[in-house]
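To find a chain, count down the sequence lines: A is the first, B the second, and so on, and within it residues start at 1.
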There are 2 protein chains.
Amino acid sequence: MVNIQRVAKEAGVSVATVSRVLHDQNTVTAKTRLKVEETIQKLNYQPSMLGRNLRKSESRLLLVLIPEISNPFYFDIIKGIESFAISHNYNILLCETDSSPERENIYFDLVKAKMADGIISMDPAVNVEALLDLAENHAIIQCSEYMIEKEIPYVTIDNEAAAYRAVKHLIKIGNKKIAFINSNQKYLYARQRNKGYQKALEEHGIPVREEYIFHTEHLGFEYGQQAAKKILNLNDRPTALFAVSDLLAIGALKEISACGLHVPDDMAVVGFDKIEFSNMTNPALTTISQPMYKMGTIAVEMLIKKLKGEKVESVILDHELVIREST
Amino acid sequence: MVNIQRVAKEAGVSVATVSRVLHDQNTVTAKTRLKVEETIQKLNYQPSMLGRNLRKSESRLLLVLIPEISNPFYFDIIKGIESFAISHNYNILLCETDSSPERENIYFDLVKAKMADGIISMDPAVNVEALLDLAENHAIIQCSEYMIEKEIPYVTIDNEAAAYRAVKHLIKIGNKKIAFINSNQKYLYARQRNKGYQKALEEHGIPVREEYIFHTEHLGFEYGQQAAKKILNLNDRPTALFAVSDLLAIGALKEISACGLHVPDDMAVVGFDKIEFSNMTNPALTTISQPMYKMGTIAVEMLIKKLKGEKVESVILDHELVIREST
DNA sequence: CTGAAAGCGCTAACAT
DNA sequence: ATGTTAGCGCTTTCAG
């Protein structure tokens, strides 16, 4: 392996000068610079980041914690994160936690061991204690999910307002019996969306019926199917349903048509997230769209600021209702 | 930051002893070990990987190159890679190349700069020259895609046999006019699957009709839709279609039902990959399943072997035909 | 404008 | 069983 010493010797200069050339410092004569650059070419020298990292005590690696790599909700966020990070000379380590504390710990340890500089956490099931603990000495940003009253900066949308908007849309087009497929209430976003659901109903004088509200353990097609099955078996069958995730809504769509019913005539359906699939279903899904890509870029921007020691403020972004064929 | 020196001083031993305790070497007295362990606890010492990495000249980071993070084809492969890697103390840097050479180069440079130890390439559009060049001095494995006659080890399935199997199934259930949605022939897998398609037809005395073969630039729903549109407009309309990717097949499904036609009665459809979503379509998609997870674990296993300097052999895995409602 | 040298935190060969 | 020490490759301060 050819190192900086070797280049210096070959070019007849000191390692300091090679380093200066490498970093575009103007304190080098054109002539010296040329000589060094030629030598670098000739020897095909590539500076090792290992040395650099140790010296500067940084890794330029950022961790992104997500529960499941296959959840399409994260795709565009990750794209945003990646593009911003790369353009600022950071790399992204995508970490699938499976919402398991052990798995999470591996990644937390990576930061403690200086193998990564900071974390963007998108796992709603993250171990809060551990995260807060880590945040004392390390740069951490939460994306999409967050903790009220805690000092970890976050970027998110207004979940309550978004759910309210979705349900209000269902009411406007004539539905009064609206089922709600929510995920586990231990997640803040689930509680907030539940609030939005209830608020919309109450505002229109529609009583909230507990038997219309369902909770799923995970976000996946099959959980949507199961919930839909229960909804369809209800005595006083709802005419519409709102699911907190497109995945759940798509599963429900499948179940509804499997029962020979028609969307939206027999049952209107609204999802959440506007994942790409949601336009491929039959009928195409009405859903809430979040500015994913932007959320990603903002999250890294905040993280990099934090890494520099700057003060960062949390951000709440706008959402949109995308009306398609399912309502 | 508390370092090994500090621990050594505090515990009244040498840094070597601390290092020995850290690495579970038995050459340390129980008493000394205890003292050191207590000190580590007390100071909350966490060894820095930066120092370790420089010293050992390794990063324990593996790159996984994929064209698109959102392509479900890769999900289980990645899961397999991750679990095997983590259990062997490696971490995975998932790299989205967008099939762009510039983007790819960023990652190749990461390896050259010793920031990563090796690469698993799954990008069929990878810059072959650059990859072969890199492979001269670095550990590289190809997964799913590969190069014939080149020395980079790979793990894959028999694409020709799989396509042959799919088309033969369509013939068996009574189809003679079978359209084929392939991706760009510049990819080896596309050429191999094309061979399988032709072989099945020829074996049953069915002439290969050029107008039944379509090529898409990318693998995405919308490309499948477009191709299906053309197929449906054909004078002598096919009664079945085989797509080289579930994504394409699902797009086709959407288009077919949008035209008021019925699958499988008017048009039987077979996909490829058995992505999760392929079971959520209406009707559920018949498809070819590859042992993704296993492919992933084998790929890392090969890479780690290579890193150790061992000789590795390429592997070809089995596939399966999963018959569902679309045929 | 350039060079010498310290040192980032760790491992491991060698010495005791 | 434990300590001493060189050195991984780099950046940066200080001197000249």
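- In this entry the distance linking CG of B/L43 with C1' of C/dG9 reads 15 Å, nearest Å.
- Dashed line: the shortest gap from a side-chain N or O of B/T29 to OP1 or OP2 of D/dT2 is under 4.0 Å.
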Test side-chain hydrogen bond (donor to acceptor under 3.5 Å, both in side chains) applied to A/Y74 and A/S144, step by step:
CA-CA 10 Å; A/Y74 299 106; A/S144 175; over 6 Å; no
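- Computed from coordinates, the B/Q5 CD to C/dC10 C1' distance equals 9 Å when rounded to whole Å.
- The nucleotide whose nearest atom lies closest to any side-chain atom of A/Y45 is, among C/dC10, D/dC10, D/dG9, D/dC10.
- To the nearest angstrom, C1' of D/dA1 lies 12 Å from CZ of B/R33.
- The nearest heavy atom of DNA chain D to B/T32 and to A/T17 marks one nucleotide each, and the one closer to the 5' end goes with B/T32.
- When distances are taken from the side chain of A/T27 to each of C/dA5, D/dC8, C/dC1, the shortest belongs to C/dC1.
- Note on residues 106-121 of chain B: pairs passing salt bridge (Lys or Arg N to Asp or Glu O under 4.0 Å), not counting sequence neighbours, are B/D109-B/K112.
- Straight-line distance from the CZ atom of A/R6 to the C1' atom of D/dG7: 18 Å, rounded to whole Å.
- Atom C1' of nucleotide C/dC10 and atom CD of B/Q46 are separated by 14 Å, given to the nearest angstrom.
- Which of D/dG3, D/dT12, C/dA12 sits closest to the side chain of B/K56 comes down to C/dA12.
- Between A/Y154 and A/Y146, the ring planes are parallel. Angles under 30° get that label, and only those over 60° would be called perpendicular.
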Start with the C-alpha gap between A/M302 and A/K306, add the side-chain angles, then the distance that decides, and say whether side chain to side chain contact (heavy atoms under 4.5 Å, CB included) holds.
CA-CA 6 Å; A/M302 288 167 73; A/K306 195 122 208 274; over 6 Å; no
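- For the pair A/R20 and A/V2, nearest-nucleotide mapping onto DNA chain D gives the more 5' position to A/V2.
- No hydrogens or angles considered: nothing links the side chains of B/Y189 and B/T156 as a donor-acceptor pair under 3.5 Å.
- Across all strands shown, B/L54 has heavy atoms under 4.0 Å from base atoms, whether or not it also approaches the sugar-phosphate.
- For C/dG9, the OP1/OP2 oxygens have no side-chain nitrogen or oxygen of B/S48 closer than 4.0 Å.
- Each of D/dT4, C/dA5, D/dC10 was ranked by its minimum atom distance to the side chain of A/A16; first place goes to C/dA5.
- Here the side chain of B/V28 is nearest to one of D/dT12, D/dT2, D/dC10, namely D/dT2.
- The CE-P distance, from A/M115 to C/dC10, rounds to 14 Å in whole Å.
- Residues A/V15 and B/P47 both approach DNA chain C. Their nearest nucleotides, taken by heavy-atom distance, put A/V15 toward the 5′ side.
- In this entry the distance linking NZ of A/K114 with C1' of C/dC10 reads 14 Å, nearest Å.
- When the C1' atom of C/dC8 is taken as reference, atom CD1 of B/I4 falls 14 Å away, rounded to whole Å.
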